[in-house]
Amino acid sequence: MKTLVTYMSQTGNTKKIAEAIYGELNGEKEIKPISEVKNLEGYDLAFIGFPILQFDVPPVIKNFLSANTKGKNIAIFMTHAVPEGFEAIHSWTGSYKQAAVDANIVDAFDCQGELAQPVIDMLLKGNDPKMKAFGEMGPSTKGQPDDSRVQAAKEFARKVQAKV
Ligand SMILES: Cc1cc2nc3c(=O)[nH]c(=O)nc-3n(C[C@H](O)[C@H](O)[C@H](O)COP(=O)(O)O)c2cc1C
């Protein structure tokens, strides 16, 4: 069983979750940024992680999923600044399902990640009230993903691998 953990991460939160997942996996395994992955050939399972940006799955991830996941076992992990269970979260995260419509999506995990200070500053400076409100929420995200979230990601990894 060969497993890949691949991720997009601009400020380190999704990478932290990727490393926690990777650490839990048994068997042959690799971890690399998604920019270094050509395709998923040769892997029995791929964990694919990314941050939610602009209330959606990043376009580069949607493209990767559409192009590479047909017939593949995949597990999705995501980080976002809003707390888990935030009312709009499913409408933001859900588009990975359309992009990976021909994949076997084994499971998905999401958790809060810190909004980096330069991002908070940028959001507060803008004119869009939606973005400003987002920036104001920034300080409450400090330290995420914390240890409890990292532990939850590890449990997710074990459960996914047991299912494949
Ligand atoms: C340009 C930009 C847009 C973002 N948009 C959202 C968003 O719509 N919803 C959300 O919950 N978080 C949003 N975030 C916060 C990130 O999803 C969050 O900080 C994530 O953990 C970053 O992951 P990374 O450190 O792996 O890059 C945004 C961050 C950036 C930089």
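One-based numbering, in listed order, for ligands and for the atoms of each. Count residues from 1 along the sequence. These numbers come from a predicted model, not from an experiment.
No donor-acceptor pair under 3.5 Å is formed between the side chain of Thr14 and the backbone N or O of Ser9. Without hydrogens or angle criteria, Thr141 side chain to Ala81 main chain gives no donor-acceptor distance under 3.5 Å. In terms of modelled atom types and a separation under 3.5 Å, the side chain of Asp44 and the main chain of Lys2 share a donor-acceptor contact. Not one N or O on the side chain of Asp56 forms a donor-acceptor pair closer than 3.5 Å with the backbone of Pro58. Side-chain N or O atoms of Glu84 include one that pairs as donor or acceptor with a backbone N or O of Gln112 at under 3.5 Å. Side-chain N or O atoms of Thr79 include none that pairs as donor or acceptor with a backbone N or O of Cys111 at under 3.5 Å. A distance-only check finds a donor-acceptor pair linking the side chain of Lys29 to the backbone of Leu25 [under 3.5 Å].
Residues Lys72 and Asp102 are not paired through a salt bridge, judged by the lack of any N-O separation under 4.0 Å between the basic side chain and the carboxylate.
For ligand 1, one of its N or O atoms has an N or O atom of Thr11 under 3.5 Å away. Residue-to-ligand polar distances keep Val119 apart from ligand 1: every N/O pair is separated by 3.5 Å or more. Remark: ligand 1 and Ala116 share no N or O pair separated by less than 3.5 Å (distance only, no angle test). Distances between N or O atoms of Thr14 and those of ligand 1 include at least one value under 3.5 Å. The shortest N or O to N or O distance between Ala81 and ligand 1 is under 3.5 Å. Considering both main-chain and side-chain atoms, Phe55 comes within under 3.5 Å of ligand 1 through a nitrogen or oxygen pair. Every N/O-N/O distance between Trp92 and ligand 1 stays at or above 3.5 Å. Where the criterion is an N or O separation shorter than 3.5 Å, residue side chain and backbone included, Met122 fails it with respect to ligand 1.
The proximity of Gln112 to ligand 1, defined as any non-hydrogen pair under 4.0 Å, does not occur for either the backbone or the side chain.
Just one residue in the list Ile76, Val160, Ile17, Ile21 forms a side-chain contact (heavy atoms from CB on, under 4.5 Å) with Phe109, and that residue is Ile17.
When hydrogens are left out, the protein atom nearest atom 29 (C) of ligand 1 is Leu53 CD2, 3.6 Å; that is the closest non-hydrogen contact. The protein non-hydrogen atom at the shortest distance from atom 20 (C) of ligand 1 is Thr79 OG1, 3.2 Å. Nearest protein neighbour of atom 15 (C) of ligand 1, counting heavy atoms only, is Leu115 CD1, 3.4 Å. Nearest protein heavy-atom contact of atom 3 (C) of ligand 1 is Gln54 N, 3.5 Å. When only non-hydrogen protein atoms are considered, atom 27 (O) of ligand 1 lies nearest to Gln10 N, 2.7 Å. Looking only at heavy atoms of the protein, atom 6 (C) of ligand 1 is closest to Ile52 O, 3.2 Å. The protein heavy-atom contact nearest to atom 10 (C) of ligand 1 is Phe134 CZ, 3.1 Å.
Contact between Phe86 and ligand 1 is absent, with no heavy atom of the residue lying under 4.0 Å from the ligand.
Annotation: side chain of Ile48 is not in contact with side chain of Val37 (no heavy-atom distance under 4.5 Å).
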Between Ile74 and Leu40, does a side-chain contact (heavy atoms from CB on, under 4.5 Å) hold up when you go through it step by step? CA-CA 10 Å; Ile74 64 166; Leu40 300 180; 4.3 Å; yes
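Looking at Lys130, Glu114, Met131, Gln144, it is Glu114 that brings a heavy atom closest to atom 19 (O) of ligand 1.
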